[in-house]
Amino acid sequence: AAIWEAGGGGSFAVLADEQVGKLSGDIPLVTGHKAKVLDVAFSRFNDNLVASVSEDGNGRVWSVPDGGLTSNLVDPVQTLIGHKRKVGSVNFHPTADNVLATSSTDYTVKVWDIEK
């Protein structure tokens, strides 16, 4: 994943490992945050699951279809609401499935069970 548009309603691109070379400007993007996307992370247990965090104070969990994106992905499978300020990092747990952590400039770290 690569943060694509850092301004405004931030977005990011999900690219296949074998995709090389120059990309066109019209590739499908994951959109849905209301501010800059600051970090993205893939699940270690599910290749199609990616989480993102943003200056809008929320995290979002996205399900990328098999074969990759063919159009913009707008609707997350889950929105992580709980921080009071921008969220700067997201990391999936290395050994527990469906557990991730986010950290925020509100000086908190939250651990989320996204299976629920």
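Here, residue 1 is the first one in the sequence, and each next residue gets the next number.
- Of all the heavy atoms in A41 and V90, the pair that sits closest is CB-O, 3.6 Å.
- Here the closest heavy-atom approach between residue N46 and residue S43 is recorded as N-OG, 3.1 Å.
- V30 is not listed as a side-chain neighbour of V74, based on a closest heavy-atom distance of 4.5 Å or more.
- One side chain, T108 or H83, offers a donor N or O that lies under 3.5 Å from an acceptor on the other.
- For the pair V50/F12, a side-chain contact is recorded, criterion being any heavy-atom separation below 4.5 Å from C-beta on.
- Under the salt bridge (Lys or Arg N to Asp or Glu O under 4.0 Å) criterion, no residue pair touches residues 88-111, with sequence neighbours excluded.
- To the nearest 0.5 Å, atom CD of residue Q78 and atom CH2 of residue W112 are 8.5 Å apart.
- Hydrophobic clustering (side-chain heavy atoms under 4.5 Å, transitive across Ile, Leu, Val, Met, Phe, Trp, Tyr) groups L49 together with V87.
- Between K86 and S54, the closest side-chain pair of non-hydrogen atoms is not below 4.5 Å.
- Residues H93 and L100 are not in side-chain contact: their nearest non-hydrogen atoms beyond the backbone lie 4.5 Å or more apart.
- Here D56 pairs with R60 under the salt bridge (charged side-chain N to carboxylate O under 4.0 Å, His left out) rule; sequence neighbours left out.
- Nearest approach of V14 to F42, heavy atoms of both residues: CG1-CZ, 3.8 Å.
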Please list, one pair per line, the donor and acceptor atoms closer than 3.5 Å that link side chains of residues 62-70 to other protein atoms, with sequence neighbours excluded.
residue: W62; atom: NE1; partner: S52; partner atom: OG; Å: 2.8
residue: D66; atom: OD1; partner: N48; partner atom: ND2; Å: 2.6

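- Under a hydrophobic clustering in which Ile, Leu, Val, Met, Phe, Trp and Tyr are joined whenever their side-chain heavy atoms come within less than 4.5 Å, directly or via other members, V111 and V61 fall into different clusters.
- Contact annotation: the side chain of N98 never approaches that of F45 to less than 4.5 Å [non-hydrogen atoms, C-beta and beyond].
- The closest side-chain heavy-atom distance from I114 to L80 is below 4.5 Å.
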